[in-house]
Amino acid sequence: MRLRLQLTGTDDVAAELINRLGSLGGVERVEEVGDLMPHMDDDDSSSAGLPDDEGPGVHQIELVVSAGALDAVRALAVELARERDAALEFDESL
């Protein structure tokens, strides 16, 4: 089963989540996938580098998991997001 998570948090939180999910039994693959949305705030933009732009980032994380591991994946992701004060969304429509 394919599952995609969207994590709004720091790069460190995303890396920790990826590492912890990868260590679970039943997880065949876990990786951060590229952001497909174009960003209008280029380096030469007048708003580049403003404090509002330096908040947590959005990370798309895709997993391939067995059906039996799905509940453990969800529980671990929710727990880590709560502990690290990050936002988390699940997308299972893939």
Side-chain angles (χ1 to χ4, degrees):
M1 167 175 254
R2 188 174 298 196
L3 173 69
R4 184 171 283 180
L5 310 176
Q6 180 170 299
L7 176 79
T8 303
T10 65
D11 292 346
D12 290 340
V13 173
E16 182 180 0
L17 179 60
I18 289 168
N19 289 335
R20 289 179 64 182
L21 289 172
S23 69
L24 287 177
V27 175
E28 297 175 28
R29 181 176 62 84
V30 58
E31 65 181 326
E32 186 166 2
V33 293
D35 187 357
L36 302 177
M37 294 293 295
H39 295 281
M40 303 310 288
D41 192 18
D42 296 330
D43 290 338
D44 63 348
S45 171
S46 63
S47 62
L50 292 177
D52 288 346
D53 295 337
E54 296 179 9
V58 176
H59 305 271
Q60 298 285 334
I61 301 169
E62 189 173 285
L63 299 98
V64 175
V65 301
S66 66
L70 199 53
D71 288 339
V73 165
R74 285 189 189 120
L76 187 148
V78 167
E79 178 184 346
L80 187 127
R82 284 185 181 146
E83 288 174 0
R84 302 294 184 256
D85 203 24
L88 181 69
E89 294 179 55
F90 293 94
D91 181 4
E92 297 176 42
S93 63
L94 301 174

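Along the sequence shown, residues are numbered consecutively beginning with 1.
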Handout entry: With Glu32 via side-chain contact (heavy atoms from CB on, under 4.5 Å) - residues at least two apart
Key = Ile18, His59
Completion exercise
One should read off an interatomic distance between Glu89 CD and Gln60 CD, to the nearest 0.5 angstrom, of 8.5 Å
Problem - Approximate separation, where rounding is to 0.5 Å, of Leu3 CG and Leu21 CG - result: 9.0 Å
Handout entry: Residues which pass side-chain contact (heavy atoms from CB on, under 4.5 Å) with Ala77, listed by chain and number, not counting sequence neighbours
Key = Leu5, Leu17, Leu88, Phe90
Exercise for the section: For Arg29, enumerate each residue passing the side-chain hydrogen bond (donor to acceptor under 3.5 Å, both in side chains) test, keeping only those at least two apart in sequence or located in another chain. Expected result: Glu31, Glu62
Practice task
Please report the shortest heavy-atom distance between Ala86 and Leu7, naming the atom on each side.
Solution key: CB-CD1, 3.7 Å
Completion exercise
In short, side chain to side chain donor-acceptor pair (under 3.5 Å) pairs touching residues 12-23 with sequence neighbours left out are Glu16-Arg84
Fill in the blank from the handout: Residue set satisfying salt bridge (Lys or Arg N to Asp or Glu O under 4.0 Å) with Asp11, at least two apart, ordered chain then number -> none
Practice task
Indicate if Leu76 and Val78 have the same hydrophobic cluster label, given that clusters are the connected sets of ILVMFWY residues with side-chain heavy-atom separations under 4.5 angstrom.
Solution key: yes
Exercise for the section: Of all the heavy-atom pairs spanning Gly25 and Ala69, show the shortest one and how long it is. Expected result: O-CB, 3.5 Å
